[in-house]
Amino acid sequence: MLQETENKLIQRRIEKLEELRKDGIDPYFNGFSPDSFAQDLHNKYDKNVKEGLEEKNIPAKVAGRIMAYRSFGKAGFMKLKDFTGYIQIYAEKNSLSEEDFKLYKKLDVGDIIGVEGVLFKTKTDELTIKAKKITILTKSLRPLPEKWHGLKDKELRYRQRYLDLIVNDETKETMLKRAFIINSIREFMIKNRFIEVETPMLHKLVTGAAARPFKTYLNALDMELYLRIAPELYLKRLIVGGLDRVFEINRNFRNEGMDLKHNPEFTMMEFYIAYKDYTFLMDFTEELFDFILEKIGVEDNKIEFNGKEIDFSRPWKRLDFYEGLKKIGNVDDDILNNKSKALKYALELEKKVNDNMSHEKILAEIFDALVEPNLINPTFVVGYPVAISPLAKRNRKNPNITDRFELFVSGMEVANAFSELNDPFDQKERFLKQLEERKKGDEEASMFDGDYIKALEYGLPPTAGEGVGIDRLVMLLTKNPSIRDVILFPLMRDKDE
RNA sequence: GGGCCGUUAGCUCAGUCGGUAGAGCAGUAGCCUUUUAAGCUAUUGGCCGCAGGUUCGAUUCCUGCACGGCCCA
């Protein structure tokens, strides 16, 4: 890419780099180790009064990228950015060696430098380092986006996230918050004695969710494999193995459409806990959210998202699947009772449905269209039909529905949980049913996992399990309506350059 | 998959009722030792997304394509 010699801005910087080399300066010098970070210096010394600070001769050694450069003849200021924040640098001729002052005059916005000096405060009371020594650590050859408007073009921000991170502090804040949220979740799980595990990404069978997979190939064993759509069956094998409380925070891959809420690879936390059921998980999920909200400093349990207030105060609403269809979706009884009427109605709603689908699956599509968008405050939807829940335990009173819930917030599915089906006979039937669906053309139907049945035959204790969509959770808590804004490197179509 | 919008200088954006373009920032040269989007003076920089059509002439109008955004499914 450096061959773009026609670009004079880059050309000029390459010239500067060569001038540095001529002066015996390594423009990629690696031998400077900072002893302070910008934000730490502010935390420590912002309170100090201006008078006498410089006389205290407090040394500071920092490294970072030049984000602003204001020069006037024999002195000037720079705004230096490191991973914690910004610190101002003052460079004046009298305080620097002749070589360092010459170097200073050659610096560009974007260059990465190391600075040693002493702290003082400017006229306007800003904590600043008076440079005694300046070292260039990396010459930057490309000009940064404009200092005031930054980088707005979303396409460039996603494709060149490094630039976005340099220039747009909100992006950095979002990603730091994401890391913090994930750490909080981990802390909560470990506090509750869960064990963090890693299960395979490469699967021989497509199971654990209703989705189309990515296919790949293992040369060594001459074997077709799939990138996992969910870790569910492996995690439950670990419960069979006696680990009792396990969780995994990792990527799933689903070969489906991309939109505001979907990226082909996305992050889920799945967890399983023995000797509990789905009602426990509702409480546990509320507690988990309480914990996270408190950690990130939400005090009144309320956040704003997409212009609407969302209240996480407990207990959250519970809504039966069929009740929801009737009362929120205003769906007539004959649609609930008659498949062909449901199909006709779903088609009117422009849903991609066909006659091969089960009645329940069609109802789920109608639910998706008419009910989900109305579930703004956190809502546990319960009473999902067995036909669309092949891994969930049947309800004892009504064998046509399962002990399962999905959590919706702001119209988005954020979690899915159930009491795990641990009866190997029933599980086998469900798998066979899924195979039928698959034969009928449902590419999202589960495959038959014989080894999993074998594991159930050894005995899966009564267990509850849940998956939480981490990206969507981060969207809510960082007020980003697009999943691409909470993923560092969202998938983008190829573009010829 | 459908609809709408966008693509002009490194970045943020104007603009041309069709006659090959402009600002601010960045860059360059100069002045300036406490600036905060520093200031002042001068100045460089463009396959106007790509391909085709209409036209004497297209960055502008039309069609197609690519990429992106938003909305719908």
Side-chain angles (χ1 to χ4, degrees), chain A residues 1-2 4-16 19 50-51 53-54 66-81 86-96 101 104-111 117-131 140-161 163-164 166-169 256-262 306-307 345-354 365-366 368-370 372-373 411 480-485 490-497:
Chain A
M1 294 306 279
L2 293 181
E4 287 178 32
T5 44
E6 72 280 1
N7 187 324
K8 288 187 178 149
L9 296 175
I10 294 172
Q11 198 48 45
R12 178 63 193 130
R13 286 181 177 221
I14 292 172
E15 279 165 29
K16 283 187 182 176
E19 286 165 22
K50 192 169 87 185
E51 288 71 29
L53 179 59
E54 191 172 352
I66 301 170
M67 297 306 292
Y69 183 89
R70 294 182 282 273
S71 171
F72 20 84
K74 299 186 183 67
F77 289 93
M78 290 180 283
K79 197 162 83 174
L80 207 67
K81 182 187 190 186
Y86 298 89
I87 184 79
Q88 183 166 260
I89 308 296
Y90 179 59
E92 61 175 16
K93 199 163 197 277
N94 295 347
S95 305
L96 288 164
F101 189 70
Y104 158 72
K105 296 298 275 184
K106 272 201 188 110
L107 293 173
D108 288 303
V109 170
D111 287 349
V118 296
L119 295 171
F120 77 106
K121 281 195 164 182
T122 62
K123 275 181 187 169
T124 53
D125 222 30
E126 179 168 351
L127 186 71
T128 303
I129 299 173
K130 182 176 276 182
S140 174
L141 300 180
R142 287 176 179 269
L144 290 179
E146 206 224 10
K147 62 185 171 189
W148 188 240
H149 298 95
L151 185 67
K152 285 191 174 173
D153 188 311
K154 285 207 166 188
E155 184 170 357
L156 288 180
R157 290 179 52 201
Y158 298 144
R159 286 188 195 276
Q160 293 178 265
R161 185 66 94 185
L163 256 193
D164 188 25
I166 291 170
V167 169
N168 295 324
D169 285 333
E256 297 173 335
M258 296 163 63
D259 59 32
L260 282 188
K261 294 173 195 170
H262 296 88
N306 270 346
Y345 190 49
L347 286 169
E348 278 168 25
L349 294 169
E350 296 186 58
K351 282 288 180 183
K352 280 179 196 154
V353 289
N354 60 62
E365 293 290 333
I366 294 171
D368 179 80
L370 300 180
E372 289 177 16
N480 278 300
S482 168
I483 196 168
R484 285 183 157 179
D485 288 319
L491 189 76
M492 300 290 281
R493 215 184 279 267
D494 250 346
K495 195 178 181 184
D496 294 332
E497 302 235 30

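Within every chain, numbering begins at 1; the chains are lettered A, B, ... in the order of the sequence lines, protein sequences first and strands thereafter.
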All ring pair (Phe, Tyr, Trp, His ring centres under 6.0 Å) counterparts of A/Tyr90, not counting sequence neighbours: A/Phe77, A/Phe120
Write down the distance separating the P atoms in B/rU7 and B/rA14, rounded off to the nearest Å. 8 Å
Have a look at A/Asp259 and say if it touches a base, only the backbone sugar-phosphate, or nothing, with a 4.0 Å heavy-atom cut-off. base
Using the P atoms only, state how far B/rU12 lies from B/rA26, rounded to an integer number of Å. 15 Å
Which part of the nucleic acid does A/Lys123 contact within heavy-atom distance under 4.0 Å: base, sugar-phosphate only, or nothing? base
For the residue pair A/Asp108 and A/Asp111, what are the closest heavy atoms and their distance? N-OD2, 2.8 Å
Which value, in whole Å, describes the distance between the C1' atoms of nucleotides B/rC25 and B/rA38? 13 Å
Any base atoms under 4.0 Å from A/Arg484, or only sugar-phosphate, or nothing? Heavy atoms, all strands. sugar-phosphate
Inter-nucleotide P distance (B/rC71, B/rU28), Å rounded: 42 Å
Residues two or more places apart in sequence or in another chain: which of them pass ring pair (Phe, Tyr, Trp, His ring centres under 6.0 Å) with A/Tyr345? none
Quantified in whole Å, what is the P atom distance between nucleotide B/rG49 and nucleotide B/rA21? 14 Å
Determine the interatomic distance between C1' on B/rG2 and the same-named atom on B/rC11; round to the nearest Å. 34 Å
Paired nucleotide for B/rC31 [Watson-Crick or G-U wobble; both distances under 3.5 Å]: B/rG39
Could you go over nucleotides 24-27 of chain B and give all protein N or O partners under 3.5 Å, atom names and distances?
{"from": "B/rG24", "atom 1": "N2", "to": "A/Glu146", "atom 2": "OE2", "distance (Å)": "3.4"}
{"from": "B/rC25", "atom 1": "O3'", "to": "A/Lys147", "atom 2": "NZ", "distance (Å)": "3.3"}
{"from": "B/rA26", "atom 1": "OP1", "to": "A/Lys147", "atom 2": "NZ", "distance (Å)": "2.8"}

Touch class at under 4.0 angstrom, heavy-atom based, for A/Lys351 against every strand present: sugar-phosphate
Describe the nucleic acid contact of A/Gly76 in one word from base, sugar-phosphate, nothing, applying a heavy-atom distance below 4.0 Å. nothing
Give one of base, sugar-phosphate or nothing for A/Asp153, where a contact means two heavy atoms less than 4.0 Å apart. sugar-phosphate
Just call it for A/Tyr86: base, sugar-phosphate, or nothing, with non-hydrogen atoms closer than 4.0 Å on any strand. nothing
Taking atom P in both B/rA9 and B/rU54, what distance in whole Å separates the two? 29 Å
